[in-house]
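We count ligands from 1, going down the list as the structure has it; atoms in each ligand are counted the same way. Keep in mind that this is a model prediction, so the values were computed, not measured.
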Amino acid sequence: MNQILVAIPVFDDVLARLREHFEVDSCGDAPITARDELIHRLQGRRGVFVAGTPTIDAALLDACPDLRAVCSMAVGFNNIDVPACTARGVLVSNAPGVLTETTADFGFALMMATARRIAESEHFLRAGRWTEWRYDLFAGADVHGATLGVLGMGRIGQAIARRGALGFGMPVIYHNRSRLDAAVEQELGARWVDKATLMREADHLVIVVPYSPASHHLVGAAELALMKPTATLTNVARGGVVDDAALAQALRERRIAAAGLDVFEGEPAVHPALLEVPNVVLTPHIASASLPTRRAMANLAADNLIAALGGGAGQPPTALNPEVLPLR
Ligand code: DGY
């Protein structure tokens, strides 16, 4: 039996499935965060089960010559150097598709909570500060009928756009490197615009673009300066796509109305200036965290490991570099 390492905590039933095919070293309840320990525990192991962490780069691969498959239960794979894996004959898989609708639900909910000031008003109530009904108490922005701006129009972006257009009567504008087919644009009522127009015209901007060096600080001070003072910004993509320091300053100076953030540069650390401004809703990277979806994500990573290394029939279903198959 091949040996694998499960480097992050995972459902017991998924672990049990993996144990039917592999000798499993599991991290239990404590993710392996120290790089030395990760390298040590990967010796002699052919596969590793990860998510958006830990980092798997060329140096780690060179230090772990037995490794043949890196299977992630996340859709984002910016923690994994795929070209370095491919060059060494190591298979990489991620978990696309199964989390699209759940992540879109959350993105929409976070945008609504941001626009309607739900977190801020809840803190106010819990602090015992509610003494009277007032016409302007936590008056925010409307969502229905407002212009939804989507930055990054992949599967999740389209699912958010669909919610806005069909459920809330929102005109949708989007910016993406490639335009959608005309038929999809028509179904979503979505209009492609350049990035500056997106910033200027969106009432509610939702960011769903994957992180890469090319998308680092895609939204920084210059882009924020284009936004309406009444606009909101929601990030359910990856930390680093937004310049968190510039965003905190824009929020503090009320140059935009509010933000909703599920991801952060350097998370789980959060920029201290963001913790000090009231007009931001902060959540700990939970956009895909419904129980059924997290289980589906974990099972998809397990399917990939089993197909790649566990003697399972067929190809790993969501391999990012199937050209390395069959594995050495
Ligand atoms: C993903 O799947 O990429 C989520 O952000 C969890 O990491």
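- By the 6.0 Å and 45° rule, R295 stacks over the aromatic ring of F11.
- Relative ring orientation between Y211 and H216 is described as perpendicular, the plane-to-plane angle rising above 60° on a 0-90° scale split at 30° and 60°.
- Around atom CG of D194, more than 12 heavy atoms belonging to other residues, nucleotides or ligands sit under 6.0 Å away.
- Near ligand 1, heavy-atom contacts under 4.0 Å come from A74, V75, G76, L99, R238, H285, M297.
- In this model, no donor atom of one side chain and acceptor atom of the other lie less than 3.5 Å apart for H217 and E223.
- Residues meeting the ring-ring contact (aromatic ring centres under 6.0 Å, His included) test with H175, sequence neighbours left out: W192.
- Using modelled atom types, one side-chain atom of T86 and one backbone atom of V82 make a donor-acceptor pair closer than 3.5 Å.
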